[in-house]
Amino acid sequence: MTLVNFNNKTRNTAPYFNNVFDSLFSDAITKNKMVDKSPNVNISESETAYVIELAAPGLKKEDFQINLKKDTLSVWAEVKKDETQVVKDFTRKEFDYSSFARSFNLPDSADGDKITAEYKDGILSINIGKKDEAKLQHKEIVVA
């Protein structure tokens, strides 16, 4: 919480209100964890494959859906929680709904038939194999 000094004697109140609203909205955006639901991603490339790692803790592997359409790989997850507690004559019911979606354009060297996914320790790892002709080949050139 930010304390703001208020001075009633100033005639020009527009800058004061702008500062208050700027601080309210910027604090709300940076402190609200529900605003940014897109998981962080690491993408790496090896000689034989591309690897996409999504940080998505607290989910189960059943929550994920992965789809390949042409050269676009889409990953999304949807979680719905419905919790009810009854204590004496009082009932509390809480709903929680969260989801995210990410899409990745795959290069021409990616092989759509060689895609595997694994969810372990809060990290979804997607391994995308390369086509045989796209794999890095080491060849020594002899100078004549």
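On a predicted model such as this, the values are computed, not experimentally measured, just so you know.
- Every side chain to side chain contact (heavy atoms under 4.5 Å, CB included) that K60 has, sequence neighbours left out, goes to E62, D63.
- By the rule that hydrophobic residues join a cluster once side-chain heavy atoms approach within less than 4.5 Å of another member, W76 and I128 end up as members of separate clusters.
- Nearest heavy-atom pair across S74 and S103 is OG-OG, 3.3 Å.
- Evaluation of the side chain to side chain donor-acceptor pair (under 3.5 Å) rule for N105 yields T72 as partners, not counting sequence neighbours.
- Residues satisfying the side chain to side chain contact (heavy atoms under 4.5 Å, CB included) test with E53, not counting sequence neighbours, are N42, V51, I123, S125.
- Here the closest heavy-atom approach between residue A117 and residue L124 is recorded as CB-CD1, 4.4 Å.
- The side-chain heavy atoms of I52 and V75, taken from C-beta on, include no pair separated by under 4.5 Å.
- Scanning for salt bridge (charged side-chain N to carboxylate O under 4.0 Å, His left out) contacts around D71 gives an empty result, with sequence neighbours left out.
- Taking CG of L68 as the start and CD1 of I126 as the end, the distance is 10.5 Å to the nearest 0.5 Å.
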For the pair D132 and K114, evaluate salt bridge (Lys or Arg N to Asp or Glu O under 4.0 Å) and give the outcome as yes or no after the intermediate values.
CA-CA 11 Å; D132 290 333; K114 297 180 183 176; 3.6 Å; yes
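- Ion pairing of E45 with K130 is present here, as a side-chain N (NZ or NE/NH1/NH2) and a carboxylate O approach within less than 4.0 Å.
- In plain terms, the two heavy atoms of L54 and P39 that are nearest each other are CD2-CG, 3.6 Å.
- Partners of F64 under the ring-ring contact (aromatic ring centres under 6.0 Å, His included) rule, at least two apart in sequence or in another chain, are Y119.
- In this structure, CZ on R102 lies 13.5 Å from CD1 on I66, to the nearest 0.5 angstrom.
- For T116, the side chain to side chain contact (heavy atoms under 4.5 Å, CB included) test picks out N127, with sequence neighbours left out.
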Start with the C-alpha gap between I43 and F104, add the side-chain angles, then the distance that decides, and say whether side-chain contact (heavy atoms from CB on, under 4.5 Å) holds.
CA-CA 10 Å; I43 300 175; F104 306 94; 4.1 Å; yes
